[in-house]
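A note on names: the letters A, B, ... follow the listed sequences, proteins ahead of strands, and every chain is numbered from 1. FYI, side chains are in, hydrogens and waters are out, and symmetry mates aren't considered; it's all heavy atoms of this structure.
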Protein chains: 2
Amino acid sequence: MKQQRNTKQRQLVLDAVRARCDHPSADQIYLDVRAIDDKISRGTVYRNLNFLAQNGELLHVKVSNADRFDCRLDFHYHLLCTECGAVCDVPLSYHAELDQQLAAKTGYVIERHRTVFEGRCPGCQHKSEHS
Amino acid sequence: MKQQRNTKQRQLVLDAVRARCDHPSADQIYLDVRAIDDKISRGTVYRNLNFLAQNGELLHVKVSNADRFDCRLDFHYHLLCTECGAVCDVPLSYHAELDQQLAAKTGYVIERHRTVFEGRCPGCQHKSEHS
DNA sequence: TTGTTTGCAAACCATTTGCAGAATG
DNA sequence: CATTCTGCAAATGGTTTGCAAACAA
């Protein structure tokens with residue numbers, strides 16, 4: 001479940017995610033990595049993002065349209081501005097007890113839950129104050 | 001924000017979502033409606049699902065890949081079986097206070113949050129007991 | 001009649017995949 | 001040397017869109 005090789009492309013992808021404080025989409029990572037290695041292909045970036053997320057080296061954040069990736073590995077919630085699309089981490093703690101409650105009630109084996117808050121960021125609120 | 005016409009296609013789409021207790025994808029709705037009106041097009045189904053969700057007549061549930069729709073209109077959480085893809089409602093209440101807490105902490109105007117629990121349903125647990 | 005909606009097909013976008021060749025351990 | 005990984009390009013899956021004809025108000 002963890003046999004792997006250290007290719008420079010894999011490392012570039014991982015570094016690129018770690019170098020960003022926002023939650024980049026696969027394509028943003030592609031562009032970042034592309035700026036360093038102009039021969040790397042989209043396929044390789046996608047493959048490596050999935051590989052790294054599966055091996056627990058990255059977190060996969062599923063937000064509406066394009067998937068995002070995060071180098072913070074602990075479970076946490078995200079906040080999406082529905083206007084500009086920005087994604088940031090939420091300063092609230094993960095409620096693991098919900099997983100347990102739900103498991104007890106349903107018979108499911110619960111692995112986790114994902115929560116995305118939706119709203120408008122301060123910047124976007126100002127933008128449309130007058131429009 | 002609500003000027004609309006009552007077309008039989010729109011009604012068929014709405015009825016189709018209401019007729020299901022699971023959380024159908026757009027394509028499932030298309031197939032259901034198609035069984036009644038074999039001339040309706042995918043485009044029309046997608047357009048109407050979006051229209052109805054925007055007008056508050058349906059709830060848009062965003063789960064990993066394909067979007068789902070729900071005729072329950074109150075905010076509630078969902079449970080996804082990561083193996084068979086089934087989606088069901090969660091018997092836990094919506095925590096509106098989280099929205100307020102987050103708004104106070106971040107300055108965002110929070111409209112809501114979406115939570116999807118991920119796990120394996122009892123059926124899928126049994127399936128792979130031996131494999 | 002006027003503006004909305006439909007059907008169709010093509011376009012889109014993000015992502016995945018098949019394959020032959022390159023690189024890793 | 002055996003395998004894993006890459007680049008490329010084509011394929012996929014879900015969804016959106018442009019347009020002319022059909023239709024509701």
Undergrad: Kindly give the heavy-atom pair with the smallest separation between G85(B) and L80(B), and that separation in Å.
TA: O-CD1, 3.8 Å

Undergrad: On a heavy-atom basis, which atom in F51(B) and which in Q4(B) lie closest, and how many Å separate them?
TA: CZ-CB, 3.4 Å

Undergrad: Rounding to an integer number of Å, can you tell me how far R42(B) CZ sits from dT16(D) P?
TA: 13 Å

Undergrad: Any idea which heavy atoms bring P91(A) and L102(B) closest together, and the distance?
TA: CD-CD1, 3.6 Å

Undergrad: Does the protein touch nucleotides 18-25 of chain D at the base, only the backbone, or not at all? Give it as B, S and - per nucleotide, heavy atoms under 4.0 Å.
TA: B-----BS

Undergrad: Take the protein atom CG of D38(B) and the nucleotide atom C1' of dT6(C), then report the distance between them rounded to whole Å.
TA: 15 Å

Undergrad: Under 4.0 Å between a side-chain N/O of N48(A) and OP1 or OP2 of dC5(D), yes or no?
TA: no

Undergrad: From CG of D67(B) over to P of dG13(D), roughly how many Å is that when rounded to an integer?
TA: 17 Å

Undergrad: If I take atom CG in residue L49(A) and atom C1' in nucleotide dT17(C), what distance separates them, rounded to the nearest angstrom?
TA: 17 Å

Undergrad: In residues 24-36 of chain B, which residues come under 4.0 Å of DNA chain D by heavy atom?
TA: A26(B)

Undergrad: Send over the distance from D37(A) CG to dC5(D) C1', rounded to a whole Å.
TA: 14 Å

Undergrad: Can you see which heavy atom on R18(A) is nearest to which on E57(A), and at what distance?
TA: NH2-O, 4.4 Å

Undergrad: CZ of F51(A) versus P of dT4(D): gap in Å, rounded?
TA: 11 Å

Undergrad: Please report how far the helix from dT1(C)-dA25(D) to dG25(C)-dC1(D) bends, comparing the axis fitted to its first five pairs with the axis fitted to its last five, to the nearest 10 degrees.
TA: 40°

Undergrad: So which pairs with a foot in residues 12-47 of chain B pass ring pair (Phe, Tyr, Trp, His ring centres under 6.0 Å), sequence neighbours left out?
TA: H23(B)-H78(B)

Undergrad: So, is N50(A) close to the dT16(C) phosphate, meaning a side-chain N or O under 4.0 Å from OP1 or OP2?
TA: yes

Undergrad: Under 4.0 Å between a side-chain N/O of Y46(A) and OP1 or OP2 of dT16(C), yes or no?
TA: no

Undergrad: So which residues get pulled into V109(B)'s cluster when ILVMFWY side chains under 4.5 Å apart are joined, directly or through others?
TA: none

Undergrad: When the distance from NE2 of H60(A) to C1' of dT15(C) is rounded to whole Å, what number comes out?
TA: 10 Å

Undergrad: With sequence neighbours excluded, tell me which residues meet ring-ring contact (aromatic ring centres under 6.0 Å, His included) with F117(A).
TA: H113(B)

Undergrad: Please report the closest heavy-atom contact between R10(A) and R5(A), naming both atoms and the distance.
TA: NH2-O, 3.3 Å

Undergrad: At what distance, to the nearest 0.5 angstrom, does NE2 of H60(A) lie from CG of L49(A)?
TA: 8.0 Å

Undergrad: Just how far, in rounded Å, is C1' of dC5(D) from NZ of K39(A)?
TA: 16 Å

Undergrad: Can you give me the closest heavy-atom contact between F69(B) and A53(B), atom names plus distance?
TA: CE2-CB, 4.3 Å

Undergrad: Between D22(A) and R20(A) (salt bridge meaning N to carboxylate O under 4.0 Å), is one present in this structure?
TA: yes

